[in-house]
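As the structure is a prediction and not an experimental result, all values here were calculated from the model. Whatever order the structure lists ligands and atoms in, that order sets their numbers, starting from 1. Sequence positions, counted from 1, serve as the residue numbers for this chain. The figures that follow rest on heavy atoms only: side chains count, while hydrogens, waters and symmetry mates do not.
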Amino acid sequence: GKRLKSVSISRPIVYGNVAKPFGEKRPPEANAEHTHTWTVFVKDPQGKDLSYFIKKVVFKLHDTYPNSTRTIESPPFQVTETGWGEFEIGIKIYFVPESNEKNVSLYHNLKLHPYGFPPGHVLTDKDREVQSILYDEIVFNEPTERMFEILTKT
Ligand code: SLL
């Protein structure tokens, strides 16, 4: 479709992960070496549904995971897993076909472990519930007319 020259429109997202140790209740499906449950996600800063312009999100986990490429075709765009280690997660965001946009690649360092407490501080269970979340904006330069409509109608 026709593109709107000199138009640039952006949409905010947040992406990252939350994690916590199993504690008392170990998920029965978790391997013996696993220590944490975590969720990696892409979402709207205000929790709105992003599926009006995002078609799917592909999360590439560490090769130690079965089916390490996880394709999420509808919201919530997230993967919850158990594990023992931190690693870099590839996040590919695909847009609705009307946009004629290439996918956007993001990378996230999965965080499982708390840090930054003063020396001598004794970690509470709450301190062990960590998160690493970034705010970003997806910029569409010279969007198609259809994409501009889609982005501005909500
Ligand atoms: C490390 N670079 O060596 C990292 C790799 C891999 C994490 C961490 C378990 C996967 C599974 C898991 O947590 N892998 O058992 O399916 O520390």
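Heavy-atom proximity to G83, at under 4.0 Å, picks out these atoms of ligand 1: 13 (O).
The closest side-chain donor-acceptor pair between K20 and T37, if any, does not fall under 3.5 angstrom.
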- prompt: Should E81 and R70 be marked as a salt bridge (Lys or Arg N to Asp or Glu O under 4.0 Å) after you check the CA-CA gap, both sets of side-chain angles, and the distance that decides it?
  reply: CA-CA 11 Å; E81 262 296 353; R70 307 287 176 88; 3.0 Å; yes
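The protein atom (non-hydrogen) at minimum distance from atom 5 (C) of ligand 1 is H62 NE2, 3.4 Å. Here the heavy atom of the protein found nearest to atom 2 (N) of ligand 1 is E86 O, 3.8 Å.
Checked against a 3.5 angstrom limit, the closest N/O atoms of G85 and ligand 1 fall inside it. When only interatomic distances are considered, the shortest N/O to N/O separation between W84 and ligand 1 falls below 3.5 Å.
Cluster partners of Y94, by chain and number: V58. The rule joins Ile, Leu, Val, Met, Phe, Trp and Tyr whenever side-chain heavy atoms lie under 4.5 Å apart.
Nearest to atom 14 (N) of ligand 1 by heavy-atom distance, out of N31, L61, T64, is T64.
Of the heavy atoms in H34, only side-chain atoms (C-beta onward) come closer than 4.0 Å to ligand 1.
The aromatic rings of Y65 and H34 sit tilted relative to each other, their planes meeting at an angle between 30° and 60°.
Closest of all the heavy-atom pairs between W38 and L61 is CH2-CD2, 3.8 Å.
Residue contacts with ligand 1: H36 is excluded, as none of its non-hydrogen atoms falls under 4.0 Å.
Relative to the six-membered ring of F53, K55 misses at least one condition, a distance below 6.0 Å or an angle of at most 45° to the axis.
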